[in-house]
Engineer: 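Okay, handing you the structure first.
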2 protein chains.
Amino acid sequence: MPQKNIRIKDIALLAGVSEGTVDRVLHKRGKVSKAAAEKVNKVLKEINYRPNLLAKTLGQNRTYRIATLTPNPDLDPFWKQSQDGIVAGEKQLAQFGIQVVIESAFYNPAIKESFQEAALKVFHSFPDGVLIAPLFYYASLPFFKRLNEVKIPYILFNTRIAEAKPLTFIGQDLIQSGRLAADLLRVGQTLPAAFAVLHVDEDLSNSVHLREKESGFREHLKKKDPFSQVYSFELKNANTAAFRKELNLVLNIDNLRGVFVSTSKGYAVAPSVKKINPEIRVVGYDLIKVNLECLEAGTIDFLINQNPMRQAKLGIQSLANCLLFNKTVPTQHLFPLEIITAQNVGSYLSHPGNQAGILV
Amino acid sequence: MPQKNIRIKDIALLAGVSEGTVDRVLHKRGKVSKAAAEKVNKVLKEINYRPNLLAKTLGQNRTYRIATLTPNPDLDPFWKQSQDGIVAGEKQLAQFGIQVVIESAFYNPAIKESFQEAALKVFHSFPDGVLIAPLFYYASLPFFKRLNEVKIPYILFNTRIAEAKPLTFIGQDLIQSGRLAADLLRVGQTLPAAFAVLHVDEDLSNSVHLREKESGFREHLKKKDPFSQVYSFELKNANTAAFRKELNLVLNIDNLRGVFVSTSKGYAVAPSVKKINPEIRVVGYDLIKVNLECLEAGTIDFLINQNPMRQAKLGIQSLANCLLFNKTVPTQHLFPLEIITAQNVGSYLSHPGNQAGILV
DNA sequence: ACACGAAATGTGGGCGCCCACACTTATGTA
DNA sequence: TACATAAGTGTGGGCGCCCACATTTCGTGT
């Protein structure tokens, strides 16, 4: 028979003090005599007090301003999904009567200065908390430094910056992601063989993100198949003649059995690969529409889902938890490396877990 | 600039009536004149009123009793995970001050009468809602009929019973699950080949569950590879001599390239399979400890995760949503078909999404 | 026209927590 | 000793919703 929940009132009764005193002890707001504090702490030690979050939240009737800083969703469907997650998180909070105003700042993921400008804008709006996808490593460091200085809490997602001191990092283990890709390319293949890592339309030097994926890929393949070859390429300006020419160079590699596209741009190379040889396995990232078409057409064999939507949604939720409840969140929250094929993609798309819903 | 949340008070003001009247209209509790009802409804149509769930829940200070009816967690690690999900759901609700008492009834999944007995016990305790994993199709029908009669709401998970009228069904698309297994066995293989479906320690005649998986498997394989062969077996009494003997029969099938174990008992056959021939692909279900060891050892290649923990947790949450908030839940909630390999299993196990936590 | 009951409407208190403020008690100074 | 100040403590109101109950309005019959 589980006893009724313990309230502050009960603690006060047990300790022989008033509710106000208990409250002061709980929140360490001082103005409590040693004797009283001891009495309360003694009771607290004996029972397991869990404040009612419902009541707690209902009381504090202030509006929090959360800023988000991500690549422009209009420029890339991946970041569109991330933005959807931000909105979903906002909606869910609103449902609980938690007043959160989200102010989204966007930047162009190809232009460093665009990031710096947007970051400055965010900083000057003095939000209560920030959610950031910091694609530019070095350009973002001063921003984090300033946030630390004025003690504005922030959460990073998608890309980890080692020097930053965020409340938490939300993302995937990219090294492991690369290892997984290697296994997906290897399974059932006649080995040793040649494999290609393609970085499409991204500046590798600026992107830790992609380098980590590649290093996991190479390391794992070397371990499992020392005699297989790995080639990597940076392909720029998708859909131009120059691009296609360079891609052809890749596809003429002797005994090429698999292609790993390190970003969500798999759709830009997959059809060409399969046209040359349907036996070449293709692994890419993310459930954006064009990739799904490739999955269905069979030109992409596996997608690894980074789930930007849920990452962003969790970011908003975590920020709210910290701001409203002073909850300590774990220092990182690594998402599962979801393997998507033509046969299970439907089950992911229809899964309501990605939508805004109470308590889910 | 998003306006402040609309409260009942605001509606009352706009409609020129009192809070009480608005409340009566919202809850259709009658005792409202036509004129007043119209005024209120007019305002409601114009604005988008979203009641504050926090306040709503805080008010109603009653305890709900939810019964659960599942196989005994001590008999099967799969059902242990499900039970963990139930407890996690309960904890999460408790954190919000939502008073839910869970009364768990267990049955022996091998004994029909055991189910009937437990079901009766649940029925006579007259809970406010029930969460059920009904492995026995026909034996469960009278139970649902009685629940319908006395209007006790219930949710099914894991196994769908077409004749039941639950609030919702939580589970996976099993046909699709079978198709997925087929693809996982096929990928990279030299075809046509022979494949085996193994039902371990389960009574196929009683289990729609397994038949659906097999039919999805066969249908898809037939479509993709008309010349491949599919054999299916029911293996009973794992780890006995008789079991091993029958298993050997399976493994001697000519040109056998893949084994699909339809339950979480993959660990009982995987090592034997790989000993005969490491090239034979093995696909099983669920992240139970023994299976994880097989994944690591390489005797199981792929696991499909049914996520009993999250299924059960969602079941409790949904039930609470219905009981407390009169929320309408979708008629079904199909979970993603998660593909697990040695390379991404860690990311699933460490994922905090499976643990009890606020708003997550 | 009045009385009476039914119907409609308004009001207040409580859920648990938090904070402001009023109040009581201890400490220090002239 | 009186008084000012500080330190400690208790109380009440409010967050938004819901429900019980008090109050008002309306309709009917005599």
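Only a predicted model underlies this, so the values are computations on that prediction, with no experimental measurement involved. Order of the sequence lines fixes the chain letters, A, B, ..., with proteins taken first and strands second; residue numbering starts at 1 for each chain.
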Engineer: Which pairs, protein N/O on one side and nucleotides 10-14 of chain C N/O on the other, fall under 3.5 Å?
Structural biologist:
unit_1 : atom_1 : unit_2 : atom_2 : d
C:dG10 : OP2    : B:S18  : N      : 2.6
C:dG10 : OP2    : B:S18  : OG     : 2.7
C:dG10 : OP2    : B:T21  : OG1    : 3.1
C:dG10 : N7     : B:R24  : NH2    : 3.0
C:dG10 : O6     : B:R24  : NH1    : 3.1

Engineer: Whole-Å distance between C:dC17 P and B:L54 CG?
Structural biologist: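 It is 13 Å, rounded to the nearest whole Å.
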
Engineer: Could you tell me the separation between the CG atom of B:N5 and the C1' atom of D:dC15, rounded to a whole number of Å?
Structural biologist: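 Taking CG of B:N5 and C1' of D:dC15, I get 12 Å after rounding.
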
Engineer: What is the distance, rounded to the nearest whole Å, between atom CG of A:L58 and atom P of D:dC18?
Structural biologist: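 Interatomic distance, CG of A:L58 to P of D:dC18: 12 Å.
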
Engineer: Rounding to 10°, can you tell me the angle the first-five-pair axis of the helix from C:dA1-D:dT30 to C:dA30-D:dT1 makes with its last-five-pair axis?
Structural biologist: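 Overall, the helix from C:dA1-D:dT30 to C:dA30-D:dT1 bends by 70° from one end axis to the other.
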
Engineer: Identify every side-chain donor-acceptor pair in residues 147-154 of chain B under 3.5 Å, counting partners at least two apart or on other chains, and give the distances.
Structural biologist:
unit_1 : atom_1 : unit_2 : atom_2 : d
B:N148 : OD1    : B:Y154 : OH     : 3.0
B:N148 : ND2    : B:F144 : O      : 3.2
B:Y154 : OH     : B:K165 : N      : 3.0

Engineer: If you take all heavy atoms of B:A118 and B:L69, which pair is closest and at what distance?
Structural biologist: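 Reported closest heavy-atom pair: CB-CD1, 3.6 Å.
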
Engineer: Show the distances under 3.5 angstrom between N or O atoms of the protein and N or O atoms of nucleotides 23-27 of chain D.
Structural biologist:
none

Engineer: Taking distance alone, no hydrogens or angles, what donor-acceptor pairs closer than 3.5 Å link side-chain atoms of residues 37-46 of chain A to residues at least two apart or in another chain?
Structural biologist:
unit_1 : atom_1 : unit_2 : atom_2 : d
A:N41  : ND2    : A:A37  : O      : 3.1

Engineer: Take the protein atom CG of A:N52 and the nucleotide atom C1' of D:dC17, then report the distance between them rounded to whole Å.
Structural biologist: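 After rounding, the gap between these two atoms is 15 Å.
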
Engineer: Could you tell me how far apart B:I11 (CD1) and D:dC17 (P) are, to the nearest whole angstrom?
Structural biologist: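 So the two atoms are 8 Å apart, to the nearest Å.
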
Engineer: Go through residues 39-49 of chain A and report each residue with a non-hydrogen atom lying under 4.0 Å from DNA chain D, sorted by number.
Structural biologist: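 Result for residues 39-49 of chain A: none.
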
Engineer: How close do B:E163 and B:L141 get, counting heavy atoms only, and between which atoms?
Structural biologist: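 Reported closest heavy-atom pair: CB-CD2, 3.8 Å.
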
Engineer: Nearest whole Å is fine: how far is D:dC17 C1' from B:K9 NZ?
Structural biologist: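 Checked: the NZ to C1' distance equals 12 Å.
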
Engineer: Any side-chain N or O of B:K56 under 4.0 Å from OP1/OP2 of D:dC18?
Structural biologist: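 So the side chain of B:K56 is within the cut-off, an N or O lying under 4.0 Å from OP1 or OP2 of D:dC18.
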
Engineer: Could you verify whether a donor N or O on one side chain and an acceptor N or O on the other, from B:Q311 and B:Q306, lie under 3.5 Å apart?
Structural biologist: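 Short answer, no.
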
Engineer: Can you sort out which residues in residues 26-37 of chain B have a heavy atom within less than 4.0 Å of DNA chain D? Ascending by number, please.
Structural biologist: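 Heavy-atom contacts with DNA chain D come from B:H27, B:R29.
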
Engineer: Carefully, step by step, assess B:T331 and B:T168 under the rule side-chain hydrogen bond (donor to acceptor under 3.5 Å, both in side chains).
Structural biologist: CA-CA 4 Å; B:T331 56; B:T168 185; over 6 Å; no

Engineer: Mind running side chain to side chain contact (heavy atoms under 4.5 Å, CB included) on A:L93 and A:I316 for me, showing each step along the way?
Structural biologist: CA-CA 9 Å; A:L93 293 173; A:I316 294 293; 3.8 Å; yes

Engineer: Is the ring pair A:F96/B:F96 parallel, tilted or perpendicular, if the boundaries are 30 and 60 degrees?
Structural biologist: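 Rings of A:F96 and B:F96: parallel, under 30°.
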
Engineer: Under the side chain to side chain contact (heavy atoms under 4.5 Å, CB included) criterion, do B:N52 and B:N5 qualify, and how do the steps go?
Structural biologist: CA-CA 9 Å; B:N52 182 330; B:N5 275 346; 5.9 Å; no

Engineer: Can you tell me how far C1' of D:dC15 sits from OH of A:Y64, to the nearest Å?
Structural biologist: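 Spelled out: OH on A:Y64 to C1' on D:dC15 is 14 Å.
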
Engineer: Under the salt bridge (Lys or Arg N to Asp or Glu O under 4.0 Å) rule, what pairs show up with a residue in residues 314-326 of chain B, not counting sequence neighbours?
Structural biologist: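 For residues 314-326 of chain B, and leaving out neighbouring residues, there are no salt bridge (Lys or Arg N to Asp or Glu O under 4.0 Å) pairs at all.
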
Engineer: Can you list everything that forms a side-chain hydrogen bond (donor to acceptor under 3.5 Å, both in side chains) with A:R160? Sequence neighbours excluded, please.
Structural biologist: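 A:R160 satisfies side-chain hydrogen bond (donor to acceptor under 3.5 Å, both in side chains) with A:Q332 only.
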
Engineer: Within the 4.0 Å heavy-atom criterion, would you say B:I8 contacts the bases, only the backbone, or no part of the nucleic acid?
Structural biologist: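 Contact class for B:I8: sugar-phosphate only.
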
Engineer: Specify the closest pair of heavy atoms between A:A312 and A:S82, including all atoms of both residues, with the distance to one decimal.
Structural biologist: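 In this case the closest contact between A:A312 and A:S82 is CB-O, 3.1 Å.
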
Engineer: Passes ring pair (Phe, Tyr, Trp, His ring centres under 6.0 Å), B:F335 versus A:H351? Steps please.
Structural biologist: CA-CA 6 Å; B:F335 267 56; A:H351 183 50; 5.4 Å; yes

Engineer: Tell me every residue that passes side-chain contact (heavy atoms from CB on, under 4.5 Å) with A:K80, counting only those two or more places apart in sequence or in another chain.
Structural biologist: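 If we apply the side-chain contact (heavy atoms from CB on, under 4.5 Å) test to A:K80, skipping adjacent residues, the hits are A:P73, A:D84.
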
Engineer: Got a sec, which pairs hit salt bridge (Lys or Arg N to Asp or Glu O under 4.0 Å) with one end in residues 59-73 of chain A, sequence neighbours left out?
Structural biologist: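 Only A:R62-A:D128, A:R65-A:E103 qualify under salt bridge (Lys or Arg N to Asp or Glu O under 4.0 Å).
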
Engineer: Not counting sequence neighbours, which residues clear side-chain hydrogen bond (donor to acceptor under 3.5 Å, both in side chains) with B:S18? List them please.
Structural biologist: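 Counting only residues at least two positions away or on another chain, B:S18 forms a side-chain hydrogen bond (donor to acceptor under 3.5 Å, both in side chains) with B:T21.
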
Engineer: Atom CG of B:D23 to atom P of D:dA20: distance rounded to whole Å?
Structural biologist: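 After rounding, the reported distance stands at 11 Å.
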
